[in-house]
Amino acid sequence: MSAIDPPQGSIHQRRILAILVVSAVLIWIDSTVLGIALERLADPVRGLGATPGQLQWAVGIYSLLFATALFLAGALGDRYGHRTILMLGLLIFGIASAWAAWATDPVGLILGRATMGLGGALIMPTSMAIIGWTFPPERRAGAIAIWSSSAGVGVAVGPVLGGVLIDHFWWGSVFTINLPIVVFGLIGAAVVLPNPRSPQRRRLDPLGLGLSTLGLLGLSYGLIEGGHQGGWDRWQVWASIGAGLLLIAGFLFSEWREHNPSFDPRLFRNRRFAAGNFSLAAVFLTLTGQSFYLAFYLQGARGMGALDAGLMSLPGAMGVIVGAPLGARLAARFGVARVSGTAVLTLAACFALNLTYDVGTSLVVIGIIGGIAGLAIGLTVAPTTAAVMATLPMDRIGAGSAVSNALRQVGSVLGVAVLGTVVSSTYQHRIAPELTGLPNPEAIGTSAEATRHAAGVLHRPDLVQAANDTFVHAMHVAALVAAGIVLLGAVVLAAAFRIPRPSQSADPEGVTPERAGIGQL
């Protein structure tokens with residue numbers, strides 16, 4: 001199929017979109033299912049005895065490889081065809097899922113998750129590029145909205161299926177649910193999907209891949225290890241953070257000098273492209289960080305089972321499913337600034353309401369807040385993504401979608417690193433006075449799980465209450481940080497996509513390009 005000759009039949013377009021949605025659901029399932037297994041993985045008997053730092057790496061390394069390999073995926077798709085690279089990503093994802101499922105130690109799990117991130121990176125931008133080539137502009141926003149709603153499906157299916165599997169099988173079974181989806185996706189992609197290529201063949205950019213990967217690794221290592229070891233005064237921690245930032249700056253500089261870079265910083269000259277991606281990155285940063293600490297809140301502090309904790313994700317998932325298509329329609333009528341800006345403000349308020357959670361908070365209240373947050377996320381992601389994509393010319397869709405998705409994954413990496421570290425550091429500092437006089441207090445105070453385990457060994461039930469109360473306080477601090485980050489994203493988004501003046505021309509339906517979220521580079 002020619003890159004400039006997309007299929008016109010609506011039935012064929014729906015089949016293409018269905019396969020792309022299935023592929024995206026796979027990624028979202030894996031992004032959420034591990035949270036259900038975190039408490040079990042920390043168990044030295046029934047799990048792997050993973051430390052909090054190792055669990056942060058298991059979550060974060062997936063997003064890190066996902067973010068950095070997106071640049072490679074876009075270039076490969078333009079060169080060899082986006083269907084070809086999508087199928088390669090599915091194959092890698094399936095193999096890595098089996099690796100993670102049967103890992104025998106935390107290191108094996110982390111390596112398996114890293115490889116899954118690589119596979120996912122090959123799926124996401126190629127899916128977006130195929131949508132761009134397949135659907136005409138008047139139908140593209142709706143297709144993106146439906147594709148974005150796959151997030152809600154994955155968020156809903158992943159934790160619930162994971163909870164059932166954790167309660168009845170071993171922890172690794174949460175990764176085996178990926179395998180039949182991979183098989184279905186490979187068959188569907190081979191039969192249904194087109195294989196568009198860009199007329200401009202971008203180079204593979206190994207230097208950029210290396211600089212971005214090592215930079216994010218250094219930054220994440222410093223944030224995670226500094227928090228979990230209580231060693232913010234150690235020079236190694238700050239040297240790692242500094243080296244990471246320096247490598248990232250070197251990556252941006254090298255890409256800026258390239259005529260046809262994998263990650264094009266010039267795209268950020270468009271204020272809407274820049275602001276939209278910043279706001280989406282802020283949403284994903286806080287969402288991933290919240291998912292990390294809520295897993296320990298529900299299963300640790302509140303003692304819920306895996307399935308019950310998984311069911312608590314359903315209100316948020318349903319909110320995303322409803323919000324994604326609704327957001328696209330509302331943004332076309334009222335503009336991205338009003339719809340997405342209000343939605344992001346609502347999400348910030350939901351994070352602030354996390355400050356009311358304690359070990360006895362009604363699950364109904366938590367579910368309602370989660371549902372509102374999910375609706376806000378759906379109302380934000382779908383119209384903002386469509387508006388960002390609308391700023392790209394057709395020959396830059398592959399590169400632009402890679403940049404957009406990379407920034408979301410960078411947000412996810414930093415969400416686990418920053419908010420997870422806020423929780424750990426706050427917990428360790430606050431619990432220390434309660435452990436005075438106990439043997440090896442530093443090890444006991446590493447995490448709430450370690451404190452509860454020590455309480456059983458030492459026959460000190462009072463430590464369990466202290467651990468739960470301290471963890472809830474640490475969670476409140478992280479929620480406050482998350483609310484502040486999302487609030488900043490709302491301000492930036494509303495400023496960039498402000499409502500145009502009435503004097504600006506409108507189309508026959510009264511919708512200006514600005515109100516539809518469409519801009520030009």
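Model, not experiment: these values are computed from the prediction. We're numbering straight along the sequence, starting at 1.
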> Between the main-chain N or O of G276 and the side-chain N or O of S279, is there a donor-acceptor pair closer than 3.5 Å?
Replying inline: no

> Given L20 and L193, is the side chain to side chain contact (heavy atoms under 4.5 Å, CB included) satisfied, shown in steps?
Replying inline: CA-CA 9 Å; L20 297 178; L193 295 186; 4.1 Å; yes

> Is a side-chain N or O of T176 found less than 3.5 angstrom from the main chain of G172, in a donor-acceptor match?
Replying inline: no

>> When you compare the side chain of L307 with that of I166, does any pair of heavy atoms fall below 4.5 Å?
In response: no

> Rounded to the nearest 0.5 Å, how far apart are CG of L26 and CD1 of I123?
Replying inline: 5.5 Å

> Do the side chain of W170 and the main chain of A101 share a donor and acceptor less than 3.5 angstrom apart?
Replying inline: yes

> Are I372 and I368 side-chain neighbours, meaning at least one heavy-atom pair lies under 4.5 Å?
Replying inline: yes

>> Restricting to non-hydrogen atoms, name the atom on A309 and the atom on Q299 that form the minimum distance, rounded to 0.1 Å.
In response: CB-CG, 3.7 Å

> Should V21 and L17 be marked as a side chain to side chain contact (heavy atoms under 4.5 Å, CB included) after you check the CA-CA gap, both sets of side-chain angles, and the distance that decides it?
Replying inline: CA-CA 6 Å; V21 167; L17 186 59; 4.3 Å; yes

> Which residues pass the side chain to side chain contact (heavy atoms under 4.5 Å, CB included) test with L179, sequence neighbours left out?
Replying inline: S97

> Is it true that the side chains of S340 and T380 contain a donor and an acceptor less than 3.5 Å apart?
Replying inline: no

> At their closest point, which heavy atom of L122 faces which heavy atom of G89, and how far apart are they?
Replying inline: CB-CA, 3.6 Å

> Between CG of L252 and CG of L211, what distance do you get to the nearest 0.5 Å?
Replying inline: 9.5 Å

> Taking the side chain as C-beta and beyond, is there a heavy-atom pair between I248 and L219 under 4.5 Å?
Replying inline: yes

> At their closest point, which heavy atom of M312 faces which heavy atom of G367, and how far apart are they?
Replying inline: CE-N, 4.0 Å

>> Could you report the tightest heavy-atom contact between N354 and Q290, atom names first, then the distance?
In response: OD1-NE2, 2.9 Å

>> Can you tell me how far apart CG (L414) and CZ (F284) are? Round to the nearest 0.5 Å.
In response: 14.0 Å

> Is S173 reaching over with its side chain to a backbone N or O of F169, donor-acceptor style, under 3.5 angstrom?
Replying inline: no

> Given R329 and L326, is the side chain to side chain contact (heavy atoms under 4.5 Å, CB included) satisfied, shown in steps?
Replying inline: CA-CA 5 Å; R329 290 195 295 270; L326 179 62; 4.1 Å; yes

> Would you say the side chain of M116 lies within less than 4.5 Å of the side chain of N178, judging by non-hydrogen atoms?
Replying inline: yes

>> Less than 4.5 Å apart, side chain to side chain, heavy atoms only: is that true for I110 and Y62?
In response: no

> Can you name the nearest heavy-atom pair linking I61 to R113, along with the distance?
Replying inline: CG2-CB, 3.9 Å

>> How long is the straight-line distance from OG1 of T286 back to CG of L487, given to the nearest 0.5 Å?
In response: 11.5 Å

> If you measure from CD1 on I92 to OG1 on T115, what distance do you get to the nearest 0.5 Å?
Replying inline: 8.5 Å

>> Keeping T288 on the side-chain end and L285 on the backbone end, is there a donor-acceptor pair under 3.5 Å?
In response: no

> Could you give the distance from CG (L88) to CG (L118), rounded to the nearest 0.5 Å?
Replying inline: 8.0 Å

> How about L488 and F278: do any of their side-chain heavy atoms sit closer than 4.5 Å?
Replying inline: yes

> Are I95 and V182 close enough that some pair of their side-chain heavy atoms sits under 4.5 Å apart?
Replying inline: no

>> Ignoring hydrogens, what is the shortest heavy-atom contact between A96 and G112? Give both atom names and the distance.
In response: CB-O, 3.6 Å

>> Do W171 and L109 have side chains that approach each other closer than 4.5 Å (heavy atoms only, starting at C-beta)?
In response: yes

